[in-house]
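As structure tokens, the structure follows; a few thoughts come after it.
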Amino acid sequence: MVPGTIRAPAPSGRIDGRGYGSAVAPSDENAIPEQLDERPILVVDFGAQYAQLIARRVREAHVYSEIVPASLSPEQIAERAPAGLIFSGGPASVHVEGAPTIDPGVYDLGIPILGICYGAQLVAQQLGGTVEATGRSEYGRTPLDVTHPDAVVFGGGQPDHQQVWMSHRDSIQVAPEGFTVTASSPDAPVAAMEDVARRIHAVQFHPEVVHTPHGQQMLERWIYEVCGSPADWTMTSVIDAGVEVVRQQVGDARVICALSGGVDSAVAAALVHRAIGPQLTCVFVDHGLMREGEGEQVVETFRRHQGIELIHVQAQDRFFARLEGVTDPEDKRKAIGEEFIRVFEEASGGIEDARFLVQGTLYPDVIESGGGDGASTIKSHHNVGGLPEDMQFELVEPLRSLFKDEVRTLGTELGLPDEIVWRQPFPGPGLGVRIIGEVTPARVALLQRADTIVREEIRAAGLERDIWQAFAVLPDIRSVGVMGDERTYGHPIIIRAVTSEDAMTADWARLPHDLLERMSSRIINEVDGVNRVAYDITSKPPGTIEWE
Ligand code: XMP
């Protein structure tokens with residue numbers, strides 16, 4: 001590890017009241033060890049959807065980046081000793097009452113600043129330029145003319161005429177004193193400007209989106225040339241730093257981790273194990289509602305390959321007994337959730353001295369939770385179906401500064417297999433919410449077979465990483481068919497495959513017809529009792545991804 005350059009995943013507790021990462025001075029006990037500190041690029045959030053993408057792009061340039069609220073004072077910003085500040089885009093106009101702003105004292109800190117879209121207009125307005133609504137807005141792909149040959153962000157051999165992505169109504173009409181206009185577009189006379197002496201740059205367009213083909217290069221020019229940041233934030237450095245932070249947080253105490261089979265808990269466990277080895281005990285509650293072979297795979301991966309102490313609770317019978325006769329979706333979820341807690345408590349109760357609980361919280365959860373509560377109370381984790389609220393554990397959240405794709409890369413780096421690292425999201429209640437009506441061992445077995453075929457065919461078609469989730473659903477009806485000369489009265493299987501960014505909305509996947517045909521004929525031929533296959537063509541909304 002290179003001392004002085006690495007920011008570790010922040011330990012729990014370093015969250016301010018707005019749910020942002022460690023923007024506030026940490027208390028002593030949670031402080032990041034000095035040698036792990038580095039100089040991040042802070043993205044000042046004027047509209048969250050833009051800020052996240054910008055932070056990800058900075059990290060792609062191998063420089064650590066965090067999102068901070070615009071309400072931070074210059075002193076608070078200075079405390080973080082950032083290498084640079086990026087003012088994000090935002091939905092508002094700088095002229096609207098209550099438009100987000102930042103204390104202008106920030107310009108006197110001498111820290112490099114890059115304003116993007118709204119952030120650019122704010123820079124212009126606060127430093128004495130003019131921003132106006134001319135009635136000429138620009139949306140989408142827009143031609144850009146680079147008008148200044150030495151413009152820093154357009155260097156590195158970029159063309160003078162290029163395409164950028166615009167999304168603005170107001171525009172900067174006059175750059176503030178000291179600024180050079182470096183580019184323009186048909187309806188933005190000041191599409192880019194710079195004050196090289198003060199190290200303040202601003203662009204009206206969005207360099208962070210893929211529709212600005214040279215956007216990443218522009219960001220990197222600013223990051224490396226203006227901020228002088230070294231490109232040394234890599235997954236290896238994240239592991240080294242994470243290991244150090246976990247060690248410091250837990251000392252020689254015992255730590256437990258509930259494994260769900262999902263990516264986040266798996267990677268969190270592997271990282272914590274790298275840090276503290278045998279002090280970690282994982283608990284894996286097998287409720288019998290996993291996908292085919294998944295329970296064995298979790299055990300195989302963690303116990304044999306990673307050498308992690310694992311308590312494998314075979315609770316299938318208990319769950320099936322609890323689910324007998326339960327058909328209402330909400331009752332089912334509740335039954336599974338409650339049983340999970342009971343089983344987990346029994347299993348973990350035997351681990352003496354356990355003071356810490358590992359949780360796979362990710363950076364988007366931290367940003368979006370909007371409150372610091374997540375740091376002190378146990379959040380019901382998606383993948384484990386909710387843990388008891390009154391558990392007396394301190395949380396270890398080694399992934400809380402990482403985005404999902406970074407967690408996958410980290411998992412690979414930690415030696416986890418692709419099957420776990422690239423696992424699609426899976427609901428805590430498992431196949432229980434994909435079986436309409438009563439959940440019985442026989443119906444679970446039938447659905448597991450069909451589900452395996454769906455996933456195998458998706459993988460064989462090379463679509464696994466493009467599809468958010470693909471699975472089978474077993475409804476509570478039967479239909480008439482004919483196989484050979486025999487009339488059949490069998491179960492249908494419904495195939496559900498969706499594309500999505502975040503599961504909040506989703507679209508049904510336009511799977512090739514021949515792929516659907518292969519799935520259908522394999523399911524009917526290979527799964528006893530199934531005589532019909534249907535494809536769900538409902539988006540979300542109005543549907544949900546799961547059927548229950
Ligand atoms: P819906 O069905 O609401 O699902 O569109 C959105 C995403 O959440 C997953 N999901 C769950 N995950 N416990 C979970 O841990 C649950 O009870 C649950 N229900 C849905 C679903 O798989 C999808 O990714």
Side-chain angles (χ1 to χ4, degrees), residues 257-268 283-291 294-295 298 319 322-323 326-341 343-344 358-362 364-365 368-369 374 378-389 399 403-405 407-408 420 422-436 439 444 447-448 450-451 454-455 458 463-475 494-509 536-548:
C257 175
L259 283 180
S260 66
V263 188
D264 306 343
S265 63
V267 176
V283 179
F284 169 49
V285 175
D286 193 338
H287 51 26
L289 306 169
M290 310 282 282
R291 286 166 285 200
E294 204 164 55
V298 169
F319 277 88
R322 181 77 168 74
L323 287 168
V326 181
T327 55
D328 178 80
E330 279 316 302
D331 291 349
K332 227 189 256 181
R333 261 171 208 277
K334 217 168 139 219
I336 298 171
E338 283 173 1
E339 201 59 29
F340 184 94
I341 289 174
V343 175
F344 183 82
V358 178
Q359 190 163 280
T361 315
L362 305 191
D365 304 328
E368 280 151 26
S369 67
I378 292 174
K379 196 173 96 178
S380 85
H381 192 287
H382 273 333
N383 289 325
V384 292
L387 291 174
E389 277 177 18
L399 310 179
F403 291 106
K404 186 85 176 188
D405 48 345
V407 168
R408 292 195 206 276
I420 288 191
W422 287 97
R423 184 153 285 171
Q424 291 176 343
F426 188 63
L431 298 181
V433 293
R434 294 178 182 170
I435 292 175
I436 316 304
V439 179
V444 169
L447 184 60
Q448 281 179 331
D451 182 69
V454 169
R455 289 182 300 117
I458 291 276
L463 294 174
E464 201 182 22
R465 295 185 189 185
D466 303 322
I467 301 283
W468 176 264
Q469 277 171 292
F471 55 86
V473 175
L474 178 62
I494 293 150
I495 298 172
R496 180 79 165 136
V498 297
T499 54
S500 177
E501 289 290 318
D502 53 9
M504 300 299 284
T505 61
D507 198 5
W508 59 278
D536 181 350
I537 54 167
T538 319
S539 59
K540 172 186 181 177
T544 48
I545 295 176
E546 304 291 347
W547 268 51
E548 280 196 343

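Values reported hereafter were calculated over all heavy atoms of this structure, with side chains retained and with hydrogens, waters and symmetry mates removed. As the structure lists them, so they are numbered: ligands from 1, and atoms in each ligand from 1.
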When you compare ligand 1 with Glu546, is there at least one nitrogen or oxygen pair between them that comes in under 3.5 angstrom? yes

Spacing of CG belonging to Asp264 relative to NZ belonging to Lys404, to within rounding of 0.5 Å: 3.5 Å

What are the atoms of ligand 1, with element, lying closer than 4.0 Å to any heavy atom of Pro429? 13 (N), 16 (C), 17 (O)

Working to the nearest 0.5 Å, report the span between CH2 of Trp468 and NZ of Lys540. 10.0 Å

Separation of Arg496 CZ from Glu546 CD (nearest 0.5 Å): 9.0 Å

Show which atoms of ligand 1 fall inside a sub-4.0 Å distance from at least one heavy-atom site of Lys540. 1 (P), 3 (O), 5 (O), 6 (C)

Report the distance from atom CH2 of Trp547 to atom OG1 of Thr538, rounding to the nearest 0.5 Å. 7.0 Å

Ligand 1 contacted by Trp468 (non-hydrogen, < 4.0 Å): yes

Backbone or side chain, does any N or O of Pro425 fall under 3.5 Å from an N or O of ligand 1? no

Closest non-hydrogen atoms of Phe471 and Ile545, given as atom of the first, atom of the second and distance, are CZ-O, 3.5 Å

